[in-house]
Number of protein chains: 2
Amino acid sequence: MSPTKTVTKSANRLSRAVVVDRALELAAAEGLEAVTVRRLATALDVTPMALYWHFRTKDELLDGCADRLLDGVEIPADDGAWPERMRAAMDALVAAIRPHPQVAVLVDRRMLQHPSGLALTEMALGCLAEAGFSTADAAQISWHALATAIVLVTGDQVDDSGTQADEREVELEQKASLLRGLPPDRYPHLLAAVDDMVRCADTERFFDLGVELFVAGIVGTAPKKRRS
Amino acid sequence: MSPTKTVTKSANRLSRAVVVDRALELAAAEGLEAVTVRRLATALDVTPMALYWHFRTKDELLDGCADRLLDGVEIPADDGAWPERMRAAMDALVAAIRPHPQVAVLVDRRMLQHPSGLALTEMALGCLAEAGFSTADAAQISWHALATAIVLVTGDQVDDSGTQADEREVELEQKASLLRGLPPDRYPHLLAAVDDMVRCADTERFFDLGVELFVAGIVGTAPKKRRS
DNA sequence: ACCTGAACACCGTTCAAGT
DNA sequence: ACCTGAACACCGTTCAAGT
C-alpha cells in the first residue's frame, strides 16, 4: 500500500485549510462558542499550541473560517436593471453563508478584506449610485445589505447557545406556552401569531421575504425612481 | 451626619439593580466582553460569588441588562396610518437601545419576555396585519424589524473588540489605506466611497436612513397598498 | 519547519461555610 | 438573607524546548 493510504498520521498534517475544515465542522455540530483553541486541537489530535504555528491568534483562525465562506460566493453577472443586480448580489451572499449559519457573523469583519466581498460591495455601490444615492448613503446602505444578509442567515437557526435539535424544541415550546398565557384582549395579534413567532415554518420564504423587503426598501427610497 | 451619607459600605449593598448599573457602565467603558463575573465583582468591591446570590447565572445577569434597556422604551400612540405607526414603533425601540450600543445585542432574546417588547411587537403585528400580510409573514417581518433596530445601533459603534477611541482610529485608518490600494479600474465606486465605508459621518442620518429603508420595504411589499 | 510542554492570567460555576 | 473562600474545569496565549 502507498504510504498516503496507511499513514493516517501524515495525512493528518496540519495546515490552515484542515484547521478551518475542522473548525467549521465543530461550529456546525456544537455552535460557534464550541470552537475553542483547545477543543479544536483535541479534535485535530494535536496540542493546542500547534494551531499557533498556522494562525497568529484565534481571531485570525476565525477570519480564516469567514474567508472560507466568502470563497464560495458566486459573483453574479453585472448587467440588467440595478434593482435586479442588487438582488442578485444579496442572493449570492446569502447563498454563500447559508451553509454555515453559525459562522455567518464572522463574515462582517472580512467583507472588505476578501476579493469576493469587495466584488459584491463594488457591485452594490454601483447599483446604488445608479439609483441616485449619494456615496455616503450608498456606503451605509451597502453595509446594511451585508448586515441584513447575515441577520437573515443567523436568525433562521439554532443561535440560542449551543443547544441542539431536541433541547431546542422544548425551549421553543416553553417560549410558546409563555406567550399563550398572555391576556388576549391586549395581545390579539401576538396570540394569533404565536406559532409563527416561535419557529419558522418556511425557510425559503423567510429568505425571499427578507431580501425582497430590503430591495423594495431601496427602490422605494431611491432618488431616481426606476422606469417601470 | 446620617449613616446613609457616611457609611458607603452599606450604601454599596448589592441588588440586581446596582449590579446591572455597574454592568452597563463596564460595557460602555470597555465593551460587552469586559463584562465578566469577576471583573464586575471587583468593580462592585465584592466577591465573584456574591453576584450569584442575586442572579442564577451570568446569562440571567445579561438578561437584566437587556431588560433595563427595554424599561426605557416609550410606547408610542397606536393611532394614525400603519406605516407611520410602524415607524414610530421602530423609532421607539431604536431610541431605547441607542444609549447602550454595546448591550443592544442582548435585547433580541428578551423582546418577547418584556412588557415593552411585547407591546411593540403587538403594535408591529397590528400594522402588518392591516397592511395585508399573512400572520406568518408578519411574524417574520416583525422579528426582522427587531434585528434591524439592533443592527443599526450596534453597527454605528466601537464593536470591533473592546478597543477605544484612539486605538480604533488607527485601526480605521489602516482599513482605509488598504482600500485605497485597490485597482481603480475594478473598484471605481468603492474607491470613491472609502471614507464613507470606513466611518459614519452623520449618525443621525444613518439611523433615519436605516428605519426609512425598512419601512419603505414593507410599504413596497405590502399586499394592500396604502392609499396616498 | 512544525510541533510539544509547562506555565500564566484569565473565565463561569459548585459547594460548603461564615455572619 | 446575604456574602466569603476554596476548588474545579475550563479559556487564550507566551515562551522555551524538542525534532
Side-chain angles (χ1 to χ4, degrees), chain A residues 3-4 7-24 26-27 29-66 102-103 105-106 109 160-163 167, chain B residues 3-4 7-24 26-27 29-66 102-103 105-106 109 160-163 167:
Chain A
T4 51
V7 186
T8 44
K9 266 283 170 182
S10 77
N12 276 356
R13 278 291 290 311
L14 242 47
S15 68
R16 293 177 69 100
V18 329
V19 173
V20 167
D21 283 342
R22 266 280 194 284
L24 291 177
L26 232 179
E30 313 191 39
L32 187 58
E33 75 286 341
V35 180
T36 247
V37 174
R38 297 174 120 98
R39 293 195 57 176
L40 199 47
T42 62
L44 288 162
D45 222 342
V46 101
T47 266
M49 291 319 299
L51 304 185
Y52 283 85
W53 177 258
H54 303 274
F55 302 92
R56 257 187 35 252
T57 69
K58 187 192 175 185
D59 265 15
E60 201 178 293
L61 195 161
L62 294 177
D63 286 348
C65 294
Q102 315 264 8
V103 296
V105 241
L106 304 174
R109 239 190 333 167
D160 278 345
S161 67
T163 63
E167 309 179 39
Chain B
T4 52
V7 185
T8 44
K9 267 282 172 184
S10 76
N12 278 355
R13 276 296 288 312
L14 241 46
S15 70
R16 291 178 70 102
V18 330
V19 172
V20 167
D21 283 342
R22 266 281 194 282
L24 291 178
L26 232 179
E30 313 190 40
L32 186 59
E33 74 286 340
V35 180
T36 248
V37 174
R38 296 174 120 98
R39 293 194 58 176
L40 198 49
T42 63
L44 289 161
D45 222 341
V46 102
T47 265
M49 291 320 300
L51 303 185
Y52 282 85
W53 177 258
H54 302 274
F55 302 92
R56 258 188 33 253
T57 70
K58 186 193 175 184
D59 265 14
E60 201 178 294
L61 194 161
L62 295 177
D63 285 348
C65 294
Q102 316 265 7
V103 297
V105 241
L106 305 174
R109 238 189 333 167
D160 279 344
S161 67
T163 63
E167 306 178 42

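Naming: A, B, ... by sequence-line order, numbering from 1 per chain. Remember, it's a predicted structure, so these values are computed and weren't measured experimentally.
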Interface polar pairs with nucleotides 13-15 of chain C, N/O, under 3.5 angstrom:
unit_1	atom_1	unit_2	atom_2	d
C/dT13	OP2	B/Y52	OH	2.6
C/dT13	OP2	B/K58	N	2.9
C/dT13	O5'	B/Y52	OH	3.3

Spacing between [X] atom [atom1] and [N] atom [atom2], to the nearest angstrom:
X	N	atom1	atom2	answer
A/L40	C/dC3	CG	P	13 Å
B/D45	D/dC3	CG	C1'	13 Å
A/F55	D/dG12	CZ	P	14 Å
B/L32	C/dC11	CG	P	14 Å
A/R16	C/dA1	CZ	C1'	16 Å
B/L44	D/dC3	CG	P	10 Å
A/L51	D/dC11	CG	P	12 Å
A/E33	D/dC10	CD	C1'	14 Å

> Does B/T57 reach the main-chain N or O of B/D59 with its side chain, forming a donor-acceptor pair under 3.5 Å?
Replying inline: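 Indeed, once roles are kept as given, a pair shorter than 3.5 Å links the two residues.
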>> Between B/S15 (side chain only) and B/V18 (backbone N and O only), is there a donor and an acceptor less than 3.5 Å apart?
In response: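 It does hold such a pair.
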Nearest 0.5 Å, what's the [atom1]-[atom2] distance between [X] and [Y]?
X	Y	atom1	atom2	value
A/T36	A/L26	OG1	CG	9.0 Å
B/R39	B/E33	CZ	CD	9.0 Å
B/R38	B/T42	CZ	OG1	10.5 Å

> Quick one: which of D/dA1, C/dC3, C/dC11 gets closest to the side chain of A/V46?
Replying inline: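 Of the options given, the side chain of A/V46 lies nearest C/dC3.
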> Between B/C65 and B/L24, which heavy-atom pair has the shortest distance, and what is it?
Replying inline: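 It is CB-CD2, 4.0 Å.
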>> For a side-chain contact (heavy atoms from CB on, under 4.5 Å) check, start with the C-alpha distance between A/V103 and A/V35, then their side-chain angles and the critical distance, and finish with the verdict.
In response: CA-CA 10 Å; A/V103 296; A/V35 180; 6.0 Å; no
> Side chains of A/F55 and A/D63: does their closest heavy-atom pair fall under 4.5 Å?
Replying inline: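 No; the side chains remain at least 4.5 Å from each other.
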> Can you name the side chain to side chain donor-acceptor pair (under 3.5 Å) partners of B/R16, sequence neighbours left out?
Replying inline: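 Only B/E60 meet the side chain to side chain donor-acceptor pair (under 3.5 Å) criterion with B/R16.
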>> Less than 4.0 angstrom between a side-chain N/O of A/R13 and OP1 or OP2 of C/dA1, yes or no?
In response: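 So the side-chain polar atoms of A/R13 never come under 4.0 Å of the phosphate oxygens OP1 or OP2 of C/dA1.
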>> Can you tell me if A/H54 touches the phosphate of C/dA1, counting only side-chain N or O atoms and a distance under 4.0 Å to OP1 or OP2?
In response: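 No, A/H54 has no side-chain N/O under 4.0 Å of OP1/OP2 on C/dA1.
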> Dot-bracket, DNA chain D: Watson-Crick or G-U, under 3.5 angstrom, [ ] crossing, | other strand?
Replying inline: ||.|||||...|||||.||
